[in-house]
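Contents: one structure, followed by commentary.
Just so you know, ligand 1 is whichever comes first in the structure, and atom 1 is the first atom listed for that ligand. Both backbone and side-chain heavy atoms feed into the values below; hydrogens, waters and symmetry mates do not. Start at 1 with the first residue, then count along the sequence.
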Amino acid sequence: MVFFGDPSNKSLSEKLAKELDLKLSYPEIHTFPDGEKRVRVLENVVDQKSIVLKSLGVPVHDNLFELALIIDAIKRTGGSEITATVPYIAYQRGDHVFRVGEGVGLEVVIKVIEGSGVDRVLFVDPHSIKLSEMFKIPAMELSALSLFAEKIKEIEPNTKKITLVTPDMGGIRRIKILSGMLNGANYVSITKERDLHTGEIKISSSEGEFKGICFVVDDMISTGGTIVQAADFLFEKGIRDIYLMATHPVFVGNAIKKLKNSKAEKIFVTDSIPIPKEKRFEKLETLTIAEEIAKCLKI
Ligand code: R5P
């Protein structure tokens, strides 16, 4: 088995190689001045199975195309079975036609991944519940929720004293699973609306009772708008112990500034997407998903 780590996520690559007990190799990636890329694998992959790690964080299109080129390079060099480990798959918020005339971004991303010749794909905490079934190749889905459950128990072992919060109705399935992991902990769902033209978010209401320490849990933080507004909403309701948790730290625009100034005590994310030094701050803690991924790949 050959393991190709993600050169832009060395920390997760190293941890995963260790968990899998495999030598860590990186593909050679050269970017030409016009943005085109040349990818080469230097390992002997002939008749060997391989695992490729690549998340589709920013820059999304570069990462997507690099992933396709790496898989293509392995195939052409004689590799046998390839598993693409893509912790964060971009474009999931575009999993259907919202307005007449639109394309379906997620379907295009899937076509690019599948078209590269990969045999199976693994991803973490999808935003779209349709993701697994949209792939025609075998798709393995895993979750960082158990990591969040452990963290929550560390902060407050008495699960009767906590409330789990989903910042929008789309996250209700996630929050119910997490509640199940925490002895049926209380949960609340917030109703959020997003303007499809401006992307602006508005919180209109909530369902359920806020009590104790509140943990807002989401699949991703992009601009930070959703999760920080949820924290503000909780604060207005008189909650003072607020923690934010999200699997994928996409972190674009003013996300860091918003999160730093948010009402949250702490913010937990995973290493599904690398966080550059300049985007790290004191109240941000990164949990690793290496062990969960390795468990899934070892089966
Ligand atoms: C949306 O439905 C997702 O679950 C996230 O809440 C959202 O994508 C986060 O984006 P942002 O941080 O830009 O609000």
Is any NZ, NE, NH1 or NH2 atom of the basic residue among Glu292 and Lys295 found under 4.0 Å from an Asp or Glu carboxylate oxygen of the other?
->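 Salt bridge flag = yes for Lys295 with Glu292.
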Any ion pair linking Asp119 and Lys49 (charged N to carboxylate O, less than 4.0 Å)?
->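 No.
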Of all the non-hydrogen atoms in the protein, which one sits nearest to [atom], and at what distance?
atom: atom 7 (C) of ligand 1; result: Arg194 NH2, 3.8 Å
atom: atom 4 (O) of ligand 1; result: Asp219 OD1, 2.6 Å
atom: atom 13 (O) of ligand 1; result: Thr223 OG1, 2.6 Å
atom: atom 8 (O) of ligand 1; result: Arg93 NH1, 3.0 Å
atom: atom 14 (O) of ligand 1; result: Thr226 OG1, 2.5 Å

Report the member of Val216, Asp168, Leu259, Asp218 with the shortest heavy-atom distance to atom 2 (O) of ligand 1.
->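 It is Asp168 that holds the nearest heavy atom.
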Return yes or no for this condition: an N or O of Gly224 is under 3.5 Å from an N or O of ligand 1.
->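 It does: an N or O of Gly224 is found under 3.5 Å from an N or O of ligand 1.
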Backbone, side chain, both or neither: what part of Lys192 comes under 4.0 angstrom of ligand 1, heavy atoms only?
->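 Only the side chain of Lys192 comes within reach of ligand 1.
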4.0 Å heavy-atom contact, Gly170 with ligand 1 |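 Per 4.0 Å heavy-atom rule, Gly170 does not contact ligand 1.
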Is the closest heavy-atom distance from Gln229 to ligand 1 below 4.0 Å?
->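 No, Gln229 has no heavy atoms under 4.0 Å from ligand 1.
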Those atoms of ligand 1 less than 4.0 Å from some heavy atom in [X]:
X: His127; result: 1 (C), 2 (O), 3 (C), 4 (O)
X: Ile221; result: 12 (O)
X: Ile201; result: 14 (O)

So how far is it from Tyr187 OH to Ile177 CD1, rounded to the nearest 0.5 Å?
->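 Taking OH in Tyr187 and CD1 in Ile177, the distance rounds to 11.5 Å.
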N/O donor-acceptor pair under 3.5 Å between Gln92 side chain and Ile89 backbone |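 Present.
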